[in-house]
Amino acid sequence: MRLTVLPFLFTLISLTVFSQTSNYAVAAIPDSLKQNANAVVRLSEMNITISSQNSMILKSNHAITILNELGLNSLDLSEHYDKRRKINKIEATVYNAFGQQIKTYKRKDFKDTSVADGISIFNDNRALYLDYTPIAYPFTMVIETETETSNTAFIPSWLPLEEYLVGVENVALTINFKPELKLKIKEINFSKSLPITKTESVNSIHYSVKNIAAKRREELSPDFQKIFPVVYFGLENFSLENVQGNASSWAEFGKWMYEALLADTEEIPEETVLKIKQLIGNENNPVERAKIVYKYVQEKTRYVSVQVGIGGWKPMDAKEVDKFGYGDCKALTNYTRCLLKSVGVPSYYTVVYAGTNRQDVQNDIASVQGNHVILTLPTANGPMWLECTSQIHPFGFQGDFTDDRTVLVVKPEGGEIVRTKLFSENETIKTLKGSYQLTSEGNFTGKVNMVSKGLEYDNEFGKERMSRENQIKQYKEEFDNINNLTIKKITLNNNPKSIEFTEELELQAEGYAQNSGGKLMFALNAFNQNSNVPKKYKNREFPFEIQRGYTNEDETEITLPEGFMVEAKPNGTELTNEFGYYKIEFAATSDNKIICKRKLIIKKGFYDKTKYEEYRKFRETIAKNDNSKIVIAKA
């Protein structure tokens with residue numbers, strides 16, 4: 001009798017307490033949390049129970065008040081599932097602005113859909129989602145879920161503040177776990193300005209925080225997870241698709257990855273091995289051999305995604321890729337690795353967080369991380385990295401998709417954390433040499449030659465695959481300071497061996513110079529004006545980051561119309577500081593010719609907020625001088 005009644009009484013007490021504390025009236029939100037907010041998280045509780053190496057239950061109770069239409073972007077009414085992750089419970093309740101319940105949605109009200117990513121040919125991920133259209137603002141949505149999974153390799157990170165323009169009233173996380181599983185924890189960006197309560201024991205840990213004001217994103221702010229608190233978790237003893245693993249160190253984890261995911265995938269058909277050996281011939285240099293294999297893979301295969309079960313983490317067998325001619329990043333990278341191995345060239349499967357916004361593999365918490373795979377090729381001059389999913393990138397060229405970040409290199413003897421190539425400002429270069437002739441009516445005819453290297457190459461070489469129409473559109477956007485621009489001729493040359501991209505253009509424009517009373521006024525620097533000036537802040541709150549450095553070097557010859565003389569000419573300027581270097585100068589070489597020389601260097605860096613205004617003024621000076629004008633009149 002006691003076993004029956006006590007749980008009932010406990011449930012009743014819990015429901016009573018919840019009903020007393022769940023005041024979802026908008027008026028109950030402190031004004032400080034509504035300021036700058038499109039939404040306010042009223043309550044976000046996540047309870048994770050890891051009862052064994054292959055059993056984890058996640059319970060979530062999330063209440064969010066949507067203040068306006070923009071706040072809908074913060075409303076997540078979905079839950080994912082697959083054959084290893086099932087949804088035990090999902091329901092949602094809507095409250096109006098006064099905190100009165102409007103409607104409750106049960107599981108049957110949620111739609112079941114495939115989570116198609118548009119690139120996967122095999123994908124067993126599905127989701128339940130609620131297709132909800134609000135009838136009025138503001139309103140509050142409470143969604144409760146419970147999921148259960150046998151995959152304990154992925155424990156959600158905890159971000160008490162998950163996005164800009166959202167206030168937080170109360171957020172908490174509790175993890176209960178078996179001590180023998182050895183939970184690993186990494187805390188980042190904790191500070192006194194955001195006091196987080198933490199309690200822990202041998203088998204549990206709890207975090208909570210209250211009353212976080214909404215934050216506005218500031219220009220050049222670093223990635224969210226670089227400035228706001230994050231807690232990462234991982235198990236030393238975990239399970240991935242019923243394959244048990246160990247992550248006591250990156251060495252052990254990498255060894256597990258190789259043995260569990262790669263070792264049995266390496267078979268290559270003998271006829272393919274013979275074909276590769278014929279292509280290589282007498283070439284003994286490992287890098288040159290790798291180039292031949294890389295080209296073979298680019299020409300033979302195409303990228304598709306496979307996201308089914310362990311296939312989401314384990315690559316297809318190399319012989320299957322060889323047979324069908326397709327694969328995802330794991331499969332194509334592993335296939336290339338196996339081909340290289342068959343001709344005596346070692347290379348290593350490498351896990352990375354890919355994307356133009358750089359993200360590191362957390363090197364002090366060994367766990368399943370990353371969203372992409374590339375290949376590391378050791379050479380006498382240091383490692384090279386191969387992007388095996390690309391049919392167009394030059395051999396050994398990464399670009400900004402995987403540059404300058406820590407990655408996990410998987411070797412048979414174990415894993416190793418290394419950093420991929422950093423393209424310095426001296427390697428990412430765009431040089432410009434141009435000329436134009438101005439008529440007495442203010443029209444111009446010109447030519448320009450541009451050569452891009454490093455990450456500038458990555459930015460530009462895609463133009464050769466554009467249609468003529470899109471090329472013209474692109475150039476008009478680049479030279480948007482030139483009104484009435486006509487592109488007369490485009491000649492492009494992509495040199496993948498030297499990794500240089502050359503653009504030669506012939507241009508015309510009517511009315512480039514402003515005509516006022518017979519005088520013409522125009523910017524001498526016609527081809528490379530950098531008009532971007534960061535926003536001014538009265539009280540900057542966050543640091544700022546320049547993610548990548550670069551160099552621009554320009555020289556333009558301007559021919560003035562016959563019979564005109566210079567009335568006013570800019571003097572040019574030169575600046576040097578910790579952010580970079582800028583110099584522009586204007587020199588008359590004859591009565592009707594002027595040379596404009598310009599050099600701009602921007603350095604990468606992570607800077608304190610106190611230096612933001614200095615950087616903003618630096619960019620302001622660049623924009624002003626890039627657009628500095630000359631005045632000429634008839635003699």
Side-chain angles (χ1 to χ4, degrees), residues 82-84 114-126 151 153 240-243 245 254-280 289-352 354 368 370-377 385-393 395 402 408-412:
D82 54 39
K83 67 179 181 180
R84 300 292 180 198
S114 172
V115 185
D117 56 16
I119 55 175
S120 299
I121 57 169
F122 304 117
N123 190 331
D124 65 353
N125 295 324
R126 298 191 66 81
N151 286 331
L240 175 61
E241 299 294 330
N242 285 344
V243 179
K255 185 178 180 182
W256 170 83
M257 278 195 73
Y258 181 82
E259 294 175 350
L261 304 182
L262 304 179
D264 62 349
T265 67
E266 298 180 345
E267 182 184 349
I268 297 287
E270 186 60 31
E271 58 267 31
T272 300
V273 175
L274 291 173
K275 186 184 298 183
I276 294 296
K277 288 181 177 180
Q278 288 174 353
L279 290 172
I280 287 174
R289 286 189 170 199
K291 286 182 181 179
I292 295 169
V293 171
Y294 186 74
K295 181 181 179 182
Y296 175 81
V297 173
Q298 283 188 312
E299 292 176 349
K300 176 182 174 63
T301 65
R302 61 188 175 90
Y303 174 84
V304 299
S305 181
V306 178
Q307 302 293 340
V308 178
I310 195 70
W313 308 100
K314 182 182 177 71
M316 293 168 57
D317 289 350
K319 63 182 179 182
E320 295 296 305
V321 179
D322 189 78
K323 177 181 178 180
F324 296 113
Y326 62 69
D328 61 9
C329 64
K330 302 179 298 299
L332 297 180
T333 299
N334 189 57
Y335 179 59
T336 308
R337 178 183 72 87
C338 296
L339 289 176
L340 289 171
K341 183 178 180 180
S342 72
V343 292
V345 179
S347 60
Y348 304 112
Y349 190 88
T350 301
V351 180
V352 58
V368 178
N371 61 7
H372 187 55
V373 176
I374 56 178
L375 193 66
T376 299
L377 179 71
W385 287 274
L386 309 184
E387 176 52 74
C388 300
T389 63
S390 174
Q391 295 174 309
I392 59 173
H393 273 79
F395 172 83
T402 55
L408 171 64
V409 178
V410 179
K411 301 179 179 180

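Throughout, numbering of the chain's residues begins at 1 and tracks the sequence. All figures in this text were calculated on a predicted structure; none of them were measured in a lab.
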Is any side-chain heavy atom of E266 less than 4.5 Å from a side-chain heavy atom of R337? yes
On a heavy-atom basis, the closest approach of E267 and A318 is O-CB, 3.7 Å
Would you say K277's side chain and V343's backbone share a donor-acceptor pair under 3.5 angstrom? no
Quick one: CZ on R289 to CG on L377, what's the gap to the nearest 0.5 Å? 12.5 Å
How far apart are the closest heavy atoms of L261 and W313, and which atoms are they? CD1-O, 3.8 Å
Within this structure, what is the CD1-SG distance for the pair I268 and C338, rounded to the nearest 0.5 Å? 5.0 Å
Evaluate side chain to side chain contact (heavy atoms under 4.5 Å, CB included) for I374 paired with L386, printing each intermediate quantity in order. CA-CA 6 Å; I374 56 178; L386 309 184; over 6 Å; no
Closest heavy-atom contact between A260 and V243? CB-CG1, 3.9 Å
Ignoring hydrogens and angles, tell me if any N or O in the side chain of T333 forms a donor-acceptor pair with the backbone of K330 under 3.5 Å. no
Please determine if E241 and K314 form a salt bridge, counting it only when a charged side-chain N lies under 4.0 Å from a carboxylate O. no
Using only atom types and a distance under 3.5 Å, with no angle test, would you say the side chain of N151 pairs donor to acceptor with the backbone of A153? no
Any side-chain to backbone donor/acceptor pair from Q298 onto H393? Under 3.5 Å, distance only. yes
Kindly give the heavy-atom pair with the smallest separation between Y326 and V321, and that separation in Å. O-CG1, 3.6 Å
Using a 3.5 Å distance criterion without hydrogens, assess whether the side chain of T350 forms a donor-acceptor pair with backbone atoms of Y348. yes
Any chance you could measure Y294, atom OH, to L339, atom CG, to the nearest 0.5 Å? 13.5 Å
Taking NZ, NE, NH1 and NH2 as the nitrogens, is one of them in D317 or K323 under 4.0 Å from a carboxylate oxygen of the other? no
Indicate whether any N or O donor in one side chain lies under 3.5 Å from an N or O acceptor in the other, for D328 and Y303. no
Rounding to 0.5 Å, atoms CD (E270) and OG (S342) come to a distance of 9.0 Å
Taking every non-hydrogen atom, the tightest pair across L408 and M257: CD2-SD, 3.9 Å
With side chain to side chain contact (heavy atoms under 4.5 Å, CB included) as the criterion, how do Y335 and L340 come out once you've worked through the C-alpha distance, each side chain's angles and the decisive distance to 0.1 Å? CA-CA 9 Å; Y335 179 59; L340 289 171; over 6 Å; no
List the steps and the verdict of side chain to side chain donor-acceptor pair (under 3.5 Å) for Y349 and N334. CA-CA 6 Å; Y349 190 88; N334 189 57; over 6 Å; no
Heavy atoms of A354 and N371 approach each other most closely as N-OD1, 2.6 Å
Should W256 and L240 count as side-chain neighbours, where that means a heavy-atom distance under 4.5 Å? yes
Can you tell me if T389 and E387 form a side-chain donor-acceptor pair at under 3.5 Å? yes
Without swapping roles, check the side chain of T336 against the backbone of L332 for a donor-acceptor pair under 3.5 Å. yes
